[in-house]
Peer 1: 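This is the structure I want to talk about, given as structure tokens.
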Amino acid sequence: GQNIDQPTEMTATEGAIVQINCTYQTSGFNGLFWYQQHAGEAPTFLSYNVLDGLEEKGRFSSFLSRSKGYSYLLLKELQMKDSASYLCAISGGYNKLIFGAGTRLAVHP
Amino acid sequence: EPEVTQTPSHQVTQMGQEVILRCVPISNHLYFYWYRQILGQKVEFLVSFYNNEISEKSEIFDDQFSVERPDGSNFTLKIRSTKLEDSAMYFCASSEGTSGRGETQYFGPGTRLLVL
């Protein structure tokens, strides 16, 4: 089976850095995705890791350790518009995504 | 930038009625998906579709559900006899379908279904 854990809520200050952790257990692994979801909207793709290490994309970076079943999403120079839910998802099977419950991030001035 | 579109944005139906949710995937994508998200809960995989057949489905996707690609652009999800617990946001997604597994999926804006 599959199990994905991430913190329910986090708060951070505008301009700061925040790290959102995700741990997982899975029987099939084709990579780990991070999506952003604003309330009432669709998930939008942020990053993908299939090999161990850090992937950097502008203000967002994502890290993966397959041996530890661990990933994190790092958001730098936080802006108010980054207030959203961040979804960790495992790609397994024939491309199906298994999502965690999401971490609701609140950025305050 | 190409995007996945879905219609309708909202649908209200009576329990026991059939509903059809429509999606237009990104035009050169070959892999299509349906997910649902009950209010306040996580996004759940329903079904994936490739080469005109179902690739994989979850235990949620029982006999009440079906998918179809009726023409070259549309991808539909039919719920035959809706139940109260089918109330959710339904997302369609697509991916290129060329690189095997672990492809990035792009989501449509969703259809919010309310069953009364």
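Lettering of chains follows the sequences in order, A, B, ..., and the numbering in each one begins at 1.
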Peer 1: Decide whether I60(B) and V67(B) are clustered together by the hydrophobic rule: side chain heavy atoms of Ile, Leu, Val, Met, Phe, Trp, Tyr closer than 4.5 Å, transitively.
Peer 2: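 Yes, it is one cluster - the side chains of I60(B) and V67(B) are joined through contacts under 4.5 Å.
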Peer 1: Should we say atom CD of Q64(B) is surrounded by more than 12 heavy atoms from elsewhere, each under 6.0 Å from it?
Peer 2: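 More than 12 within 6.0 Å, yes.
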Peer 1: Name the region of L32(A), side chain, backbone, both or neither, that has any atom closer than 4.5 Å to a heavy atom of chain B.
Peer 2: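 L32(A) has no heavy atom closer than 4.5 Å to chain B.
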Peer 1: Would a single hydrophobic cluster contain both F65(B) and F49(B), if residues Ile, Leu, Val, Met, Phe, Trp and Tyr are joined by side-chain heavy-atom contacts under 4.5 Å?
Peer 2: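 Linked, F49(B) and F65(B) end up in one cluster.
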Peer 1: Same cluster or not: are L46(B) and Y31(B) linked, directly or through other Ile, Leu, Val, Met, Phe, Trp or Tyr residues, by side-chain heavy atoms under 4.5 angstrom apart?
Peer 2: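 Different hydrophobic clusters.
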Peer 1: So how far is it from Y33(B) OH to N95(A) CG, rounded to the nearest 0.5 Å?
Peer 2: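 Atom-to-atom, Y33(B):OH and N95(A):CG are 3.5 Å apart.
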Peer 1: What are the two closest heavy atoms between F91(B) and E41(A), and how far apart are they?
Peer 2: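 Of all heavy-atom pairs spanning F91(B) and E41(A), the closest is CZ-O, 3.6 Å.
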Peer 1: Locate the shortest heavy-atom distance separating F99(A) from V43(B); write the atom from each residue and the value.
Peer 2: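 Scanning both residues completely, I find the closest heavy atoms to be CB-O, 3.5 Å.
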Peer 1: Could you tell me the separation between the CD atom of Q6(A) and the NZ atom of K42(B), rounded to the nearest 0.5 Å?
Peer 2: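 NZ of K42(B) is found 10.0 Å from CD of Q6(A).
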Peer 1: Give, for atom NZ of K96(A) and atom OH of Y35(B), the distance between the pair rounded to the nearest 0.5 Å.
Peer 2: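 Answer rounded to 0.5 Å: 9.5 Å.
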Peer 1: I would like to know whether F107(B) and F45(A) meet ring pair (Phe, Tyr, Trp, His ring centres under 6.0 Å); could you show each step before the answer?
Peer 2: CA-CA 9 Å; F107(B) 284 73; F45(A) 169 71; over 10 Å; no
Peer 1: Between F29(A) and chain B, which part of the residue has a heavy atom less than 4.5 Å away: side chain, backbone, both or neither?
Peer 2: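 When you check distances to chain B, no heavy atom of F29(A) falls under 4.5 Å.
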Peer 1: If you look at every heavy atom in Q105(B) and L97(A), which pair is closest and at what distance?
Peer 2: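 Distance-wise, the nearest heavy atoms are NE2-CG, 3.6 Å.
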Peer 1: What part of S48(B) is in contact with chain A, defined as an atom under 4.5 angstrom from a non-hydrogen atom: side chain, backbone, both or neither?
Peer 2: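 The answer is the side chain of S48(B).
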Peer 1: Any link between V18(A) and V107(A) through a network of hydrophobic side chains (Ile, Leu, Val, Met, Phe, Trp, Tyr) touching at under 4.5 Å?
Peer 2: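 Yes, same cluster.
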Peer 1: Would you mind checking which part of Q37(B) comes under 4.5 Å of any heavy atom in chain A, side chain (CB onward), backbone (N, CA, C, O), both or neither?
Peer 2: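 Contact with chain A involves the side chain of Q37(B) alone.
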Peer 1: So which heavy atom on A42(A) is nearest to which on P109(B), and how close?
Peer 2: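 Closest heavy-atom pair between A42(A) and P109(B): CB-CA, 4.1 Å.
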Peer 1: Surrounding CG of L39(B) (heavy atoms of other residues, nucleotides or ligands, distance under 6.0 Å), is the total greater than 12?
Peer 2: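 No.
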Peer 1: I'd like to know if L113(B) and W34(B) are part of one continuous hydrophobic network [Ile/Leu/Val/Met/Phe/Trp/Tyr, side-chain heavy atoms within less than 4.5 Å].
Peer 2: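 Result: yes, single cluster for both.
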Peer 1: Taking atom CG as the centre, does D63(B) end up with more than 12 heavy-atom neighbours from other residues, nucleotides or ligands that are less than 6.0 angstrom away?
Peer 2: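 No, CG of D63(B) has 12 or fewer neighbouring heavy atoms, counting only those of other groups under 6.0 Å.
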Peer 1: Among M89(B), R112(B), E56(B), Q6(B), which residue forms the greatest number of heavy-atom pairs with chain A at distances under 4.5 Å?
Peer 2: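 Most pairs with chain A among the choices: E56(B).
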Peer 1: Looking at K68(A), I'd like to know if its NZ atom is crowded, meaning that more than 12 non-hydrogen atoms belonging to other residues, nucleotides or ligands lie closer than 6.0 Å.
Peer 2: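 For K68(A), atom NZ is not crowded (no more than 12 foreign heavy atoms under 6.0 Å).
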